[in-house]
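Model, not experiment: these values are computed from the prediction. Lettering of chains follows the sequences in order, A, B, ..., and the numbering in each one begins at 1.
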Amino acid sequence: MEGLIYFLKGGRMTSELDKRIDRYTPAAIEEKWRERWASSGLHNTPDVSDKPNFYFLTMFPYPSGEIHVGHWYAFAPPDAAARFLRMRGHNVLFPMGFDAFGINAENAAIDRGMHPAVWTEKNMAHMREQFNRMGAAIDWRREVVTCYPEYYRWNQWMFLKLFEKGLAYRGEAPVNWCPRDETVLANEQVINGRCERCDTLVVKRQMTQWFYRITQYADELLKFEGLDWPERVRVLQTNWIGRSEGAELAFPVEGNSGDEIRFFTTRPDTIYGATFMVLAPEHPLVAKITAPAKRAEVERYVESARNMAEIERTSTEREKTGVDIGAFARNVFTGERIPIWIADYVLATYGTGAIMAVPGHDERDFAFATKYRLEIREVVSPDGKEHDHLDAPYMGEGIMVRSGPVSGRRTDDGKKAVADEAKKRGIGGPSVIYRLRDWLISRQRYWGTPIPIVHCERCGPVPVPYEQLPVVLPRDVEFTGRGGSPLTHVASFVNTTCPKCGGPARRDTDTLDTFVDSSWYMYRYVDPKYDKAFMNKDAGKKWLPVQQYTGGVEHAILHLLYMRFMAKALRDLGEVWFDEPALRFRYQGNIVFRGRKMSKSRGNVETPDAYVEKYGADTLRLFMMFMGPWVDGADWNASGIEGVHRFLRRVWELTQSDTEASGSRDADVDRAVHRTIAKVTDDLQTYSFNTAVAAMMEMSNVLQHASGPSRDEGVATLLLLLAPFAPYMTEELWERRGGRGSIHRQSWPTYDPKIAAPKEVTLVLQIDGKVRDRVTAPAGIAQPAAEKLAMESPKVKAALDGRRIERTIFVPDRLVNIVTRQSS
RNA sequence: GGGCGAGUGGCGAAACGGCAGACGCGUCAGCUUUAGGAGCUGGUGCUCGAAAGAGCGUGAGGGUUCGAGUCCCUCCUCGCCCACCA
């Protein structure tokens with residue numbers, strides 16, 4: 001069969017027999033071109049060519065083992081978009097790699113006894129093969145794999161650079177701990193109080209960990225200037241960073257210790273209503289200032305808060321609890337002595353871990369005060385009148401009452417007045433805080449980048465000297481799944497000497513969060529084998545920043561925020577020359593299966609291989625793009641795949657049949673062709689793949705019923721338009737029709753608006769907005785002529801009977817609407 | 001509880017404020033075929049009607065407009081994100 005296809009190539013079929021034999025056989029065609037493209041290096045991208053460079057990046061996958069339909073959805077449409085840009089005259093870098101570190105590999109090792117490195121290699125080999133079957137135009141020479149020492153040594157290098165700059169630090173903080181994975185998690189990896197990976201309830205633990213100081217860039221990360229990113233992603237990031245303006249103030253603790261409680265508030269104007277204070281149970285002052293009589297009760301409460309799962313503790317449904325610690329602070333504005341409580345509704349990790357409670361004007365404080373019979377005082381009134389009793393807290397703006405010298409002011413004005421007054425008295429002043437916390441980057445896991453730090457009893461944490469990088473992850477370890485990270489048990493790795501004093505020391509056994517790996521991989525693609533720096537800057541200058549980035553919305557906060565942070569940090573280290581790593585971002589929606597996320601544990605992962613086998617990769621690519629709007633994702637249902645396959649077969653048949661070399665042009669066909677060029681070009685720029693495919697289907701329907709030179713040219717044009725979508729079949733047909741070189745190296749067709757413009761239009765005739773008739777008119781018909789046509793319509797005449805014409809609306813080439821009034 | 005997004009045929013969907021349902025799936029009828037399949041031609045929102053045609057139709061209700069799936073308000077349902085953030 002295959003031989004026959006080769007034999008027949010280029011020739012037009014004449015007999016019925018030949019026609020039947022020379023059918024579309026995707027399997028043979030696709031294999032043939034996979035080999036040819038690989039050997040000719042068709043997808044290799046030079047750093048310099050006669051065309052302008054364009055860096056088109058799609059988020060690299062985790063090597064989970066299988067390219068599933070979700071991957072196809074993420075990669076096939078961007079591949080088409082990248083191919084389109086190539087035909088439009090760009091030198092497009094479309095690289096691929098693997099985000100190869102991570103906990104799954106380690107779990108596979110524990111479950112199956114296979115080393116994570118072996119498991120990962122096996123998976124990558126399979127997935128590369130699947131990428132190739134997809135027909136993705138990937139330059140594999142530029143592949144990046146994050147678990148190789150030549151990659152992660154630069155991860156370590158960056159860590160040390162950030163450490164020098166104070167952007168990486170070791171600190172004690174209440175952190176998220178997953179008891180099952182036995183590791184800490186970043187805030188961003190806790191989903192509904194559960195571990196992102198294994199769904200186990202996360203608890204808070206006080207631990208010493210490594211952090212990247214992302215909060216230093218909070219304000220800059222809120223700016224999206226010059227970025228063409230979807231509104232949705234910008235909003236998600238903005239909310240995640242959570243900027244709040246207010247004041248940070250301090251009230252002294254009663255007694256001689258000189259202690260004070262610092263707190264943040266967005267409502268300094270309500271300070272005269274602060275009738276008590278609340279500390280987080282973990283607040284460092286608790287142990288110090290608790291009254292001896294209350295100590296036992298307080299300790300019990302602190303202990304129970306510590307053991308509570310994060311989700312339970314922060315549940316809004318739960319009734320508030322707390323304990324009076326028997327200490328007092330002074331509200332320096334009212335001069336009053338106010339009680340200090342601890343309660344777990346105050347979070348140690350936000351602000352200063354302490355609040356002034358204003359029950360009259362805060363819901364949570366109101367609920368707490370009501371339960372524990374604490375004073376609720378009105379200090380803001382909507383109308384300026386004082387009320388003796390509040391049934392509910394009043395959170396709105398208004399006139400300040402019972403507020404000493406600032407009474408009678410409006411709250412917006414009072415905010416500033418109180419903050420200024422506090423500053424004058426030396427107890428604080430205006431302040432801004434963020435919801436965003438520093439990025440916790442250390443993990444107690446094996447399969448990741450070792451943190452290049454040595455702990456010396458005498459010198460403390462000491463950076464590994466740059467010339468000793470990489471700190472290689474030891475291969476021989478035992479995977480038991482218990483007893484913490486396997487690294488802690490590898491004596492040859494752990495025991496070392498201090499680079500500073502030469503004394504005995506221990507290596508840090510934590511590894512870096514894999515989101516660190518992926519925060520800079522786009523710089524590595526330009527020259528992944530470069531061994532003098534994390535990036536070959538000469539090559540990088542030709543490509544970066546990324547002009548188009550695509551990936552799933554689920555990374556809107558995690559990866560996309562870390563990636564932006566890393567670019568800014570590297571910029572401040574003098575290592576990159578731009579503020580933002582990716583100028584334009586577009587996301588695809590999720591592919592779900594019967595309304596649920598596909599996952600191996602649910603056993604509902606759909607593999608594309610069977611469809612590729614049956615219909616070919618071109619069909620599956622096209623189907624992925626035809627299903628619906630790319631941003632919306634889809635519930636996987638392959639029932640429509642026959643339709644796109646039939647379309648490809650029809651295109652194939654179009655190119656097989658005889659055509660008339662002579663004959664006259666057909667204006668209708670020419671118009672359809674040029675309109676389709678316009679539509680597909682437009683849709684590819686806006687990622688509206690589904691309507692682009694629909695337009696090509698319409699075009700092929702027109703061509704099927706046409707003949708002559710217009711048809712022949714139309715078929716050639718259709719192949720070019722279809723090339724980014726169905727690269728294999730179009731390449732085969734291009735060759736058979738005697739095309740020179742690869743179809744993928746051809747120029748994208750252009751269209752003539754004059755040819756695309758319709759000659760005739762259908763004018764809709766309306767009476768009072770209701771459609772009464774339709775007439776055909778020459779395009780560009782003027783209003784008077786159109787109105788005349790309308791008045792000639794019998795249906796319009798009938799509908800106008802007994803009505804007086806008030807006015808007429810004319811929309812060129814579209815409609816005439818006659819507005820009437822009942823004549824009396 | 002807050003924020004964002006979405007509700008259109010049996011299904012996936014399309015529609016610069018201007019012919020609702022392009023394109024495709026499914027389905028029905030016809031042609032073709034020994035048969036199955038594939039292919040081709042045509043129909044297919046709902047209701048009434050033999051037909052011509054008429055009426056009704058974009059989650060519900062109101063509004064703006066000559067004209068609303070599209071803009072505004074209220075509500076309902078679903079999805080995503082955040083969720084005691086001071």
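- The side chain of A:Asp344 lies closest to B:C84 when the candidates are B:C84, B:G3, B:A86.
- Between A:Arg646 and the phosphate of B:A38, there is no side-chain N or O to OP1/OP2 separation shorter than 4.0 Å.
- Contact detail for A:Thr215 and A:Arg437: the closest heavy-atom pair is CG2-C, 3.6 Å.
- Straight-line distance from the CG atom of A:Asp813 to the C1' atom of B:C16: 14 Å, rounded to whole Å.
- B:C82 and B:C66 have their P atoms separated by 46 Å, with the value rounded to a whole Å.
- Applying the 90° criterion around 0 to the glycosidic angle, B:G9 comes out syn.
- Note on A:His705: only backbone sugar-phosphate atoms sit closer than 4.0 angstrom, heavy atoms only; bases stay farther off.
- If you take CZ of A:Phe251 and P of B:A86, they are 18 Å apart, rounded to a whole angstrom.
- Residue A:Asp635 is classed as having no contact, given no heavy-atom separation below 4.0 Å to the nucleic acid.
- Contact annotation for A:Leu236: backbone-only contact, meaning every heavy-atom pair under 4.0 Å involves sugar-phosphate atoms and none involves a base.
- Each of B:C84, B:A86, B:G24 was ranked by its minimum atom distance to the side chain of A:Lys320; first place goes to B:C84.
- In this structure, of B:A14, B:A86, B:G24, it is B:G24 that holds the atom nearest to the side chain of A:Arg650.
- Rounded to whole Å, the C1' atom of B:G9 lies 13 Å from the corresponding atom of B:U27.
- Closest approach to the A:Arg649 side chain among B:C23, B:A38, B:C19 is made by B:A38 (side chain taken as heavy atoms from C-beta onward).
- Side-chain atoms of A:Arg232 and base atoms of B:C4 include no donor and acceptor less than 3.5 Å apart.
- Looking at heavy-atom distances under 4.0 Å, A:Thr762 makes contact with a base.
- The residue among A:Arg814 and A:Val346 whose nearest nucleotide of RNA chain B lies closer to the 5′ end is A:Arg814.
- Using Watson-Crick or G-U wobble geometry with both donor-acceptor distances under 3.5 Å, B:U74 finds its partner in B:A60.
- In this pair, A:Trp630 and A:Tyr687 present their aromatic rings parallel. The plane angle is below 30°, not in the 30 to 60° band.
- Applying the Watson-Crick and G-U wobble criteria (two distances, each under 3.5 Å), B:U32 pairs with nothing in any strand.
- As the counterpart of B:U8, no nucleotide is assigned, since no Watson-Crick or G-U wobble pattern has both distances under 3.5 Å.
- Nucleic acid contact class of A:Phe626 (heavy atoms, under 4.0 Å, all strands): base.
- Contacts of A:Arg772 with the nucleic acid, taken as non-hydrogen atoms under 4.0 Å apart, involve only primed sugar atoms and P, OP1 or OP2.
- Comparing B:G24, B:A15, B:C56 against the side chain of A:Thr691 picks out B:A15 as the nearest.
- Of the candidates B:A86, B:A14, B:G18, B:A14 carries the atom nearest the A:Pro629 side chain, counting heavy atoms from C-beta on.
- Among the atoms of the strands shown, none is found under 4.0 Å from any heavy atom of A:Asn637.
- No hydrogens or angles considered: a donor-acceptor pair under 3.5 Å links the side chains of A:Glu642 and A:Tyr615.
- Using C1' as the reference atom, B:C71 and B:C48 are 35 Å apart when rounded to the nearest Å.
- For the residue pair A:Thr411 and A:Asp269, no side-chain donor N or O sits within less than 3.5 Å of a side-chain acceptor on the partner.
- With C1' as the reference atom, B:U70 and B:G59 are 16 Å apart, rounded to whole Å.
- At a cut-off of 3.5 angstrom, counting only N and O atoms as typed in the model, there is a donor on one side and an acceptor on the other between the side-chain of A:Gln766 and the base of B:G18.
- Contacts of A:Arg807 with the nucleic acid, taken as non-hydrogen atoms under 4.0 Å apart, include base atoms.
- Between A:Tyr372 and A:Phe368, the ring planes are tilted. Angles from 30° to 60° get that label.
- Comparing B:U58 with B:G63, their P atoms sit 16 Å apart, to the nearest whole Å.
- For the ring-ring contact (aromatic ring centres under 6.0 Å, His included) with A:Tyr611, the qualifying choice from A:Trp72, A:Phe623, A:Trp636 is A:Trp636, the only one to do so.
- With a 3.5 Å ceiling on both atom-pair distances, B:A52 lacks any Watson-Crick or G-U wobble partner.
- Taking atom C1' in both B:U33 and B:A38, the straight-line distance is 10 Å, to the nearest Å.
- A:Ser244 comes within 4.0 angstrom of sugar-phosphate atoms only, judged by non-hydrogen atoms across all strands, and of no base.
- Across all strands shown, B:A38 has no partner, as no Watson-Crick or G-U wobble contact with both distances under 3.5 Å is found.
- Here, B:A51 and B:U34 have their C1' atoms 40 Å apart, quoted to the whole Å.
- Across B:C25, B:A83, B:G39, the shortest atom-to-atom separation from the side chain of A:Trp240 is found for B:A83.
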Report task. Walk me through it: do A:Arg671 and A:Asp668 pass the test salt bridge (Lys or Arg N to Asp or Glu O under 4.0 Å)? Result -> CA-CA 5 Å; A:Arg671 186 175 316 116; A:Asp668 289 333; 2.9 Å; yes

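- Salt bridge status for A:Glu231 with A:Arg234: present, with a side-chain N to carboxylate O gap under 4.0 Å.
- With distances taken from any side-chain atom of A:Val771 to the nucleotides B:G18, B:A20, B:G24, the minimum falls on B:A20.
- A:Arg234 comes within 4.0 angstrom of nothing in the nucleic acid, heavy atoms only.
- No side-chain donor from either of A:Tyr272 and A:Asn331 sits under 3.5 Å from a side-chain acceptor of the other.
- Listed nucleotides: B:A86, B:C23, B:A83. Nearest to the side chain of A:Ala694: B:C23.
- Distance check on atom P: B:A6 versus B:A14 gives 12 Å, rounded to whole Å.
- Look at A:Asn690 and you'll find a side-chain N or O under 4.0 angstrom from OP1 or OP2 of B:A14.
- A:Asn701 has its CG atom 10 Å from the P atom of B:G42, to the nearest Å.
- Partner assigned to B:G17 is none, using Watson-Crick or G-U wobble distances below 3.5 angstrom.
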